[in-house]
Amino acid sequence: MDQIHRIRELYYEQGKNLIEIAIIMNCDWRTVRKYVDMENFNSDPPAPQETEHISKLDPFKPTIDSWLTADKKAPRKQRHTAKRVFNRLKDEVKDFDCSYRLVATYVSGKKKELNLKYREGYIPLVHSPGEAQADFGYADFYENGKLHHEAKYLVLSFPYSNGGYLQLNYGENMECLLEGLVATFEYIGGVPTEIWFDNTRTIVTEIIKGGNRNVTERFQRFCEHYRFKALFMNPESGWEKGNVENKVGYLRRNELVPVPEFTSITEKNKELFSACDEDMEREHYEDNNGRFISELLEDDKKAFLPLPPTAFDTALYTTARTDKYGKFTLDHGKHRYSVSPAFCEDTVRLRMTSSEVIVMDSSLHEVVTHRRLYGDECESMDWIPYLKYIARKPRSLKNSGIYSMMPENMQIYMDSCESSERGKVLKVLAELTERSGFHSALHTVDEAICFHAADPDSLQNLYRRTYAEVPLLPPLDNGSGIPSQKVIPFRNDLAGLDAVLKRGGALNG
């Protein structure tokens, strides 16, 4: 990817032709042409990634970070060494049991990231049309009555015009960042030529000597796909992108007060785009000609890069290992999701967006879809895939989530059933669920109980009558056109039947 980036930089930014680039890069000119013309940087196919390694030091890293950050205000000779950090953790932190080498490795990397330096004065910056800055802010909002406390929102601002847009998100992970950027690109109809970012771990894996950054391959693919240049601020220097820092606070005060309440975050984000457009119908605070921000934003748009013809897949593809209950965890064990007993102690594939965790089998067929968990949410449990297994062990019904999903009269009926009869009803409920969903199956069983006909055959017949869409036929017309039939008395013996048949001539000797 570094070589591809260099080839495209020489062509698009420095204006070199294909032959010149081939000489510089010491490669064939056809290779140069391939990567200059490339428009799709999606991974093909998306390779599942291993779950992130959990370090024993993770619970103690916030404490170490706070100590090292406080060192910025301390004299050079009174700052923490790795040995001092290790000793303080042993003396002051309960249950600390990590090795000195693990602590020393982390402290060394953290000190490089913090890059302690003297305080410097501000330098006013001049921005050209087409440049942008990105940052996250936090705010509360209610979705379908559920409070999302200190959730995130992404702001993309344009320093030249002082315009900006925000998009609400549940968190600050890579999926939230990419989805927010893509939605904004598509709304404004173009891509900024360069975007300034913080050194967030979501993007930056290492700050290397000379001010360069090593970024995740996924983010680099995103940059190449949309052809914008990513710039990063000096560590702990948020003021360097002061335009978006101010815009984060301004949009919170003006668009997120009072605390928003809505039913769909997708629809709310569409409304926020329109609200930001309306807000830009005001004069720019520094423009001597009294032009509106919306007018200056048009100059930004003229400088934007065109949208690529191919959409970028912003989802994360990875794998997870389930336990004996058919569940797996994400986010260092903080959030737990169900799959099915059929996948106990197995590996499942995941497709993760900012709002969903889609669980797939080895053939990439969807097994179950969960709402993605954030913050203090602990578990997302979908009981439907467990229904077939509950039918095999009907005594477990009352301790499962299926029981609470049943209507009250159905709960009373299931409580009164013998274990074997309850298992038969649950088995039919599982079969009907596979055909048309849990709620329609539940309605069938509930209606059958009202008719006192909850045996398996009655349930199947009632289901077909309700959901098979078989038209009801009108009653037959018993008119004169139908011939009358002679009723023949019949005794339950073969001698009588023989006598009738002989009289009618049906038998010949």
Side-chain angles (χ1 to χ4, degrees), residues 48-66 89 93-98 102-103 106 109-110 113 136-144 146-154 168-180 198 200-205 216 218-219 265 314-341 343-360 367-383 385-386 401:
Q49 303 176 10
E50 294 296 329
T51 53
E52 187 176 350
H53 174 68
I54 299 176
S55 171
K56 289 177 63 177
L57 192 63
D58 284 346
F60 311 105
K61 286 180 180 178
T63 302
I64 299 174
D65 292 352
S66 66
L89 289 171
V93 179
K94 185 180 180 181
D95 298 329
F96 175 75
D97 61 346
C98 299
L102 187 62
V103 173
Y106 179 75
K110 189 65 180 180
E113 178 184 330
F136 278 97
Y138 64 88
D140 293 355
F141 60 80
Y142 289 89
E143 184 179 20
N144 287 320
K146 175 182 174 56
L147 172 63
H148 294 267
H149 180 57
E150 292 192 352
K152 299 293 184 176
Y153 61 97
L154 176 68
L168 291 174
N169 290 286
Y170 301 108
E172 196 176 344
N173 51 47
M174 181 69 81
E175 293 71 56
C176 293
L177 172 65
L178 300 188
E179 288 178 19
D198 280 327
T200 173
R201 293 183 180 180
T202 304
I203 302 173
V204 179
T205 59
T216 63
R218 192 169 164 214
F219 181 74
I265 194 172
T314 59
L316 169 65
Y317 294 86
T318 184
T319 61
R321 185 74 181 176
T322 61
D323 58 19
K324 63 182 179 180
Y325 300 104
K327 299 181 181 181
F328 64 92
T329 61
L330 297 175
D331 306 318
H332 307 291
K334 187 176 182 180
H335 301 132
R336 182 181 297 272
Y337 300 85
S338 66
V339 184
S340 165
F343 292 88
C344 66
E345 298 183 331
D346 197 0
T347 298
V348 292
R349 298 193 177 195
L350 308 178
R351 182 179 187 271
M352 300 172 60
T353 69
S354 65
S355 58
E356 291 183 331
V357 176
I358 302 168
V359 185
M360 301 174 289
V367 178
V368 63
T369 298
H370 290 277
R371 180 179 61 83
R372 189 166 181 175
L373 302 179
Y374 290 90
D376 296 331
E377 299 175 297
C378 296
E379 184 174 43
S380 177
M381 182 69 196
D382 188 341
W383 283 100
Y386 290 75

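Any value given below was found using the heavy atoms of this structure, including those in side chains, with hydrogens, waters and symmetry copies removed.
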Asker: List the residues meeting salt bridge (Lys or Arg N to Asp or Glu O under 4.0 Å) with E172, not counting sequence neighbours, and say none if there are none.
Answerer: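 E172 satisfies salt bridge (Lys or Arg N to Asp or Glu O under 4.0 Å) with K152 once adjacent residues are dropped.
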Asker: Checking D323 now: which residues fulfil salt bridge (Lys or Arg N to Asp or Glu O under 4.0 Å) with it, not counting sequence neighbours?
Answerer: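 D323 satisfies salt bridge (Lys or Arg N to Asp or Glu O under 4.0 Å) with R336 once adjacent residues are dropped.
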Asker: Of all residues at least two apart in sequence or in a different chain, which pass the side-chain hydrogen bond (donor to acceptor under 3.5 Å, both in side chains) check with H335?
Answerer: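 Per chain and number, H335 pairs via side-chain hydrogen bond (donor to acceptor under 3.5 Å, both in side chains) with D331.
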Asker: Under the ring-ring contact (aromatic ring centres under 6.0 Å, His included) rule, collect the residues that match up with Y374, sequence neighbours excluded.
Answerer: Y170
Asker: Strictly below 4.0 Å, N to O, side chains only: are R201 and E113 in salt-bridge contact?
Answerer: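 The answer is yes: the pair qualifies as a salt bridge.
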Asker: What residues form a side-chain contact (heavy atoms from CB on, under 4.5 Å) with T216, not counting sequence neighbours?
Answerer: M174, T205, R218, F219
Asker: How would you list, by chain and number, every residue that makes a side-chain contact (heavy atoms from CB on, under 4.5 Å) with K324, sequence neighbours excluded?
Answerer: E345
Asker: For T353, enumerate each residue passing the side-chain contact (heavy atoms from CB on, under 4.5 Å) test, keeping only those at least two apart in sequence or located in another chain.
Answerer: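 Result, side-chain contact (heavy atoms from CB on, under 4.5 Å) vs T353: E179, A315, R351, S355, E356.
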Asker: The criterion is ring-ring contact (aromatic ring centres under 6.0 Å, His included); which residues satisfy it with F328, sequence neighbours excluded?
Answerer: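 Here the qualifying residues are Y337.
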Asker: How would you list, by chain and number, every residue that makes a side-chain hydrogen bond (donor to acceptor under 3.5 Å, both in side chains) with E379, sequence neighbours excluded?
Answerer: K327
Asker: Sequence neighbours excluded, which residues qualify as side-chain hydrogen bond (donor to acceptor under 3.5 Å, both in side chains) partners of K334?
Answerer: none
Asker: Holding to side-chain hydrogen bond (donor to acceptor under 3.5 Å, both in side chains), I want the full list of residues that pass it with Y106, two or more places apart in sequence or in another chain.
Answerer: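 side-chain hydrogen bond (donor to acceptor under 3.5 Å, both in side chains) list for Y106, sorted by chain: D65.
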